[in-house]
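Quick notes on the structure that follows.
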Number of protein chains: 2
Amino acid sequence: MYDKIITTKLKDNNYKLTEQRAAVLDVMLANQGQHLSAEEVLYLAKKELPNIGIATVYRTLERFAAINILYKTMFAGDKYRYEFCNDRNHQHHHIICLDCGKITEVEDVLLNNLEHYLENQGYQVVDHDLKFYAYCPECKKK
Amino acid sequence: MYDKIITTKLKDNNYKLTEQRAAVLDVMLANQGQHLSAEEVLYLAKKELPNIGIATVYRTLERFAAINILYKTMFAGDKYRYEFCNDRNHQHHHIICLDCGKITEVEDVLLNNLEHYLENQGYQVVDHDLKFYAYCPECKKK
DNA sequence: AAACGCATGATAACGATTATCAAAATCAGA
DNA sequence: TCTGATTTTGATAATCGTTATCATGCGTTT
Ligand SMILES: [Mn+2]
Ligand SMILES: [Mn+2]
Ligand SMILES: [Zn+2]
Ligand SMILES: [Zn+2]
């Protein structure tokens, strides 16, 4: 029922798909493109599984992020947010509007140069995280 | 006694330089290139001013960051770190070694392209924050 | 059935930051 | 210089996201 890539990742990490984990996964799949906090995931998952607890949500999000089913990031130093991560949107970055808080996404293209440079310096780059703080077109007009 | 740029920024924001604030500023000036937590700043500032309190340190760091005397950033989702910010190192980015945790710095050069692109899209980019997670040359050898 | 191991949920603990508030210092005007 | 207003400070309480703990449950293997 789930995408083959997902079930493969789960199996490769011999990772049991309990009903709690399925509920979390369903929430994340149903909200692609959104950046949900653990509390928001709990709220949504309770609709499918009313007795699920916050600890399980945290544990599940953490593990899904570890096997790259989810992308975990923090935008404003307050709390982590999670989004479903397929191979299309894997490396993308965020523009956070300083006025309305809206988050939009940027493709990862021009960073490859910089990474290659660092690898020539002897680094082995595993990941990067780029955020732009800006006024979005709507807010800029005001 | 302080750089003219600093005193100007303080005056422009009619910002009184109390002995507590001077102690914090001294700590940051004496530790350029380091990324200090509030707790570490407190520890160091107490050597100059033993009665300074943690609340004042937080308040002072916050305000110095607001007028761009300090650069405030968070590396691993745990706590904020601060570093002195002059006009030379203003826009730079960090490589965090996933093994030893060492932080090194990257000049900000290749991001201008991306920013220009976003500005053409109607954004007004104010700041950006880029972190690389990598193995540093020493740790890569192991 | 018994023993094992992993998963769960309730809740306590943690830790960084912020809020509160009374006291102290500083400032502005008479 | 007195005086009242304003700002700053330090102790400490409160907040809040996250992690740790632990007893319970449940599926699997002997
Ligand atoms: Mn995103
Ligand atoms: Mn730095
Ligand atoms: Zn906006
Ligand atoms: Zn290293």
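Here is how names work: the chains are called A, B, and so on, in the same order as the sequence lines, proteins then strands, and each is numbered from 1.
To the nearest 0.5 Å, atom CD of residue E115(A) and atom CG of residue N120(A) are 12.0 Å apart.
A donor-acceptor pair is defined here as one N or O able to donate and one able to accept, closer than 3.5 Å; no such pair exists between the side chain of Q124(A) and the backbone of C136(B). Side-chain N or O atoms of K131(A) include none that pairs as donor or acceptor with a backbone N or O of I95(A) at under 3.5 Å. At distances below 3.5 Å, at least one donor-acceptor pair connects side-chain atoms of R21(A) with backbone N or O atoms of K16(A). Distance alone, capped at 3.5 Å, is enough to place a donor-acceptor pair between the D3(B) side chain and the I5(B) backbone.
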>> Test salt bridge (Lys or Arg N to Asp or Glu O under 4.0 Å) on E40(B) and R81(B); report intermediate values, then the result.
In response: CA-CA 9 Å; E40(B) 288 165 346; R81(B) 295 189 169 270; 3.2 Å; yes
> Is there a side chain to side chain donor-acceptor pair (under 3.5 Å) between Y2(A) and D26(A) once you walk through the steps?
Replying inline: CA-CA 9 Å; Y2(A) 292 112; D26(A) 290 342; 2.6 Å; yes
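Residues of residues 48-66 of chain A that place a heavy atom closer than 4.0 Å to DNA chain C, in numerical order, are N51(A), I52(A), G53(A), A55(A), T56(A), R59(A), R63(A). DNA chain C lies under 4.0 Å from no heavy atom of any residue of residues 17-29 of chain B.
A search for salt bridge (charged side-chain N to carboxylate O under 4.0 Å, His left out) contacts involving E62(A) returns K72(A), not counting sequence neighbours.
The stretch residues 35-59 of chain B participates, sequence neighbours left out, in these ring-ring contact (aromatic ring centres under 6.0 Å, His included) pairs: H35(B)-F75(B), H35(B)-H94(B).
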Between the protein and nucleotides 23-29 of chain C, list every N/O to N/O distance that falls short of 3.5 Å.
none

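In summary, contact between chain B and DNA chain D, defined as any nucleotide atom under 4.0 Å from a heavy atom of the protein, begins and ends at dT7(D) to dA11(D) in the 5' to 3' direction.
In this structure, F132(B) and D129(A) have side chains that are not in contact, with every pair of non-hydrogen atoms separated by 4.5 Å or more. Side chains of I52(B) and V24(B) form a contact here, defined as non-hydrogen atoms less than 4.5 Å apart.
Whole-Å rounding puts the M74(B) CE to dG15(C) C1' distance at 12 Å. In this structure, CG of L10(A) is placed 15 Å from C1' of dA7(C), rounded to the nearest angstrom.
S37(A) and Y82(A) share no side-chain donor-acceptor pair at under 3.5 Å. R59(A) and T56(A) form a side-chain donor-acceptor contact under 3.5 Å, judged by distance and modelled atom types alone.
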